[in-house]
Amino acid sequence: MRNTARTTTVPATFRQSGAPVTPPTAPDPLETALRSAFDQGEPADADGNPVTEPAPALPTATADLHTIWQSMTIGEAANTPLAQLLTLLGVRLEEVDPGDLIRGVAARFHGRIGDATIEVSRTLPQADREPIVRSFLTTISPDLTYKSERYPNGPVLREVPVRIECEEWCTESHDDAVWVEDIQHTSAEAYLRQPGGTDCPILFAHISAEPFSGDVTKRTPHLVVTDETTYFYPSPVESLEFADNLIEFGNSVRTMVHRAARRPEDTTPQAAPVAEPGHFPWCDTATCITTQYDERDGGGSYIEHVGQVYNMPLPDGMEAEHGQVLNFKLGANEAFVDDRPQVSFLSHGEGVLLDEAGTDLAIENLEAALAALRAMRAQMVQGKQA
């Protein structure tokens with residue numbers, strides 16, 4: 001009898017050694033579902049000819065991911081490994097120090113489907129991590145979401161109002177709920193801005209006080225200085241030294257500007273005021289003195305030019321010779337060998353004539369004196385240390 005049994009040839013691949021290659025395992029069910037959801041078959045025209053089209057978009061769009069996530073059954077989601085779910089939903093899992101989270105919080109979620117982060121405290125027991133992470137995933141959506149979970153066996157906390165006396169310089173609203181140790185009074189900030197007409201601060205300073213801080217030095221009002229990278233908390237004495245250094249820095253900059261401005265290439269001279277014939281633009285012609293030479297001395301005349309005069313008023317209760325502490329006067333005398341304009345610098349009846357360099361030095365010294373006086377004024381309000 002003829003053998004009517006049919007035989008089927010199964011394609012096989014063999015290694016060079018002759019051993020067959022193990023056929024690939026069946027694809028993961030979740031992968032199959034994702035591929036089938038986005039594989040619509042090979043495109044063709046009306047006559048059945050293949051049409052080349054761009055590859056279909058991968059399921060990374062927020063709406064696509066959310067649709068796939070919502071279509072999964074409870075069993076499919078429960079049986080899918082956590083790492084695979086995180087990859088599918090575009091969620092990063094990070095382990096952080098407990099201090100990076102709010103006190104009592106074990107983990108927090110922020111972001112949306114396709115771009116989110118879950119931060120888990122290193123102190124959270126391993127057995128509690130996956131349930132908390134999976135609970136975050138159940139609420140993930142295309143909308144930006146923030147959520148946190150406390151330690152499963154941690155204490156139960158509730159908010160209570162606390163009455164505090166707010167400093168008169170404080171600009172905080174104190175509307176948000178915070179831990180009592182984190183209550184902080186903050187003043188308006190002072191800025192040191194970058195030169196060049198930009199609105200870019202490079203140094204900040206403000207007053208701060210944390211009445212319930214664990215650091216005793218922060219409970220009383222103190223200065224905070226920062227460049228937005230490092231924070232400094234100087235003591236009152238250090239704060240005044242810092243202020244003095246800033247004033248000294250400003251004075252040095254001002255001196256540099258004065259010196260630089262004297263170079264013709266760095267500045268455009270302002271148009272001089274119209275002066276009377278034979279006088280300087282700064283002359284007070286009603287005060288200038290004109291003297292005639294005797295004919296026996298050759299005749300002619302010379303002018304003693306007088307400009308602006310400043311006489312510093314005496315503080316109440318102070319007496320000084322000639323009633324004078326500081327007196328400045330701009331002038332020029334044509335009778336002198338050096339008849340250039342000079343500043344007459346007088347104190348208590350004694351004085352000296354200053355040329356341009358001497359006047360610049362006097363300005364620097366007076367600015368330093370004024371800075372010291374301001375610093376002393378600031379120190380006057382300090383109380384004694386307990």
Side-chain angles (χ1 to χ4, degrees), residues 30 62-63 65-166 170-186 208-219 224 226 228 230-231 233:
L30 179 59
T62 301
L65 291 175
H66 190 247
T67 300
I68 295 171
W69 176 234
Q70 293 299 313
S71 66
M72 292 180 67
T73 65
I74 296 177
E76 289 173 340
N79 293 327
T80 302
L82 180 60
Q84 197 169 352
L85 285 178
L86 294 174
T87 301
L88 168 67
L89 301 175
V91 179
R92 297 175 297 276
L93 184 60
E94 299 178 358
E95 192 178 59
V96 299
D97 292 327
D100 294 334
L101 302 172
I102 298 176
R103 185 183 308 175
V105 170
R108 66 183 175 189
F109 170 94
H110 54 92
R112 55 170 60 88
I113 191 167
D115 182 19
T117 301
I118 296 177
E119 296 175 324
V120 178
S121 171
R122 289 191 173 91
T123 59
L124 182 64
Q126 289 291 343
D128 296 328
R129 295 189 179 192
E130 183 164 338
I132 287 180
V133 172
R134 285 184 177 271
S135 71
F136 285 142
L137 298 183
T138 60
T139 59
I140 194 170
S141 72
D143 299 323
L144 187 61
T145 305
Y146 297 88
K147 189 177 180 183
S148 61
E149 289 286 348
R150 297 188 177 277
Y151 286 90
N153 300 320
V156 178
L157 304 174
R158 62 187 180 89
E159 296 179 6
V160 294
V162 176
R163 179 177 178 80
I164 58 173
E165 294 295 331
C166 195
C170 181
T171 59
E172 295 285 345
S173 63
H174 302 295
D175 291 336
D176 297 329
V178 296
W179 294 96
V180 68
E181 293 90 344
D182 296 331
I183 295 175
Q184 184 175 12
H185 301 291
T186 306
S208 177
E210 303 172 35
F212 301 100
S213 173
D215 186 345
V216 178
T217 60
K218 293 184 179 180
R219 294 180 184 177
V224 179
T226 179
E228 290 193 321
T230 307
Y231 284 80
Y233 304 91

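Residues passing the salt bridge (charged side-chain N to carboxylate O under 4.0 Å, His left out) test with D97, sequence neighbours excluded: R122. Under the rule for a salt bridge (charged side-chain N to carboxylate O under 4.0 Å, His left out), the partners of R134 that lie at least two apart in sequence or sit in another chain are E130. Taking the ring-ring contact (aromatic ring centres under 6.0 Å, His included) definition, one finds that H174 meets it with H185, sequence neighbours left out. Residues forming a side chain to side chain contact (heavy atoms under 4.5 Å, CB included) with F212 (at least two apart in sequence, or on another chain): I164, V180, I183. Considering only residues two or more places apart in sequence or on other chains, E119 meets the side chain to side chain donor-acceptor pair (under 3.5 Å) condition with R108. Not counting sequence neighbours, the partners of L144 by the side chain to side chain contact (heavy atoms under 4.5 Å, CB included) test are R112, Y146. The side chain to side chain donor-acceptor pair (under 3.5 Å) test applied to T87 returns no partner, not counting sequence neighbours. Among residues two or more places apart in sequence or in another chain, the side chain to side chain donor-acceptor pair (under 3.5 Å) test is passed with E94 by none. The side chain to side chain contact (heavy atoms under 4.5 Å, CB included) check on N79 picks up nothing, with sequence neighbours excluded. Checked against side chain to side chain donor-acceptor pair (under 3.5 Å), S208 has the following partners two or more places apart in sequence or in another chain: Q184.
Heavy atoms only, all atoms of each residue included: P98 and T123 are closest at CG-CG2, 3.5 Å. Among all heavy-atom pairs drawn from T217 and D215, the shortest one is OG1-OD1, 2.7 Å. Scanning both residues, S135 and E149, for their nearest heavy atoms gives OG-OE2, 4.1 Å.
P152 places a side-chain heavy atom less than 4.5 Å from the side chain of L124.
In this structure, CD1 on I132 lies 10.0 Å from CD1 on I118, to the nearest 0.5 angstrom. Within the model, atoms CD of E172 and SG of C166 stand 8.5 Å from one another, a figure rounded to the nearest 0.5 Å. The OH atom of Y151 lies 10.0 Å from the CG atom of D128; values are rounded to the nearest 0.5 Å. The distance from atom SG of C170 to atom CD of E165, rounded to the nearest 0.5 Å, is 12.0 Å.
Sorted by first and then second residue, the salt bridge (charged side-chain N to carboxylate O under 4.0 Å, His left out) pairs with a member in residues 69-92 read R92-D115; sequence neighbours excluded.
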Given side-chain contact (heavy atoms from CB on, under 4.5 Å), test I140 with F109 step by step and report yes or no. CA-CA 9 Å; I140 194 170; F109 170 94; 3.9 Å; yes
The test is side-chain contact (heavy atoms from CB on, under 4.5 Å); show your working for V91 and L85 and say whether it passes. CA-CA 8 Å; V91 179; L85 285 178; over 6 Å; no
Between L93 and R129, is a side-chain contact (heavy atoms from CB on, under 4.5 Å) present by the stated rule, with each step listed? CA-CA 11 Å; L93 184 60; R129 295 189 179 192; over 6 Å; no
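Side-chain atoms of W69 never come within 3.5 Å of backbone atoms of L88 as a donor-acceptor pair (strictly under, hydrogens ignored). Between the side chain of T186 and the main chain of T171, no donor-acceptor pair closer than 3.5 Å is present.
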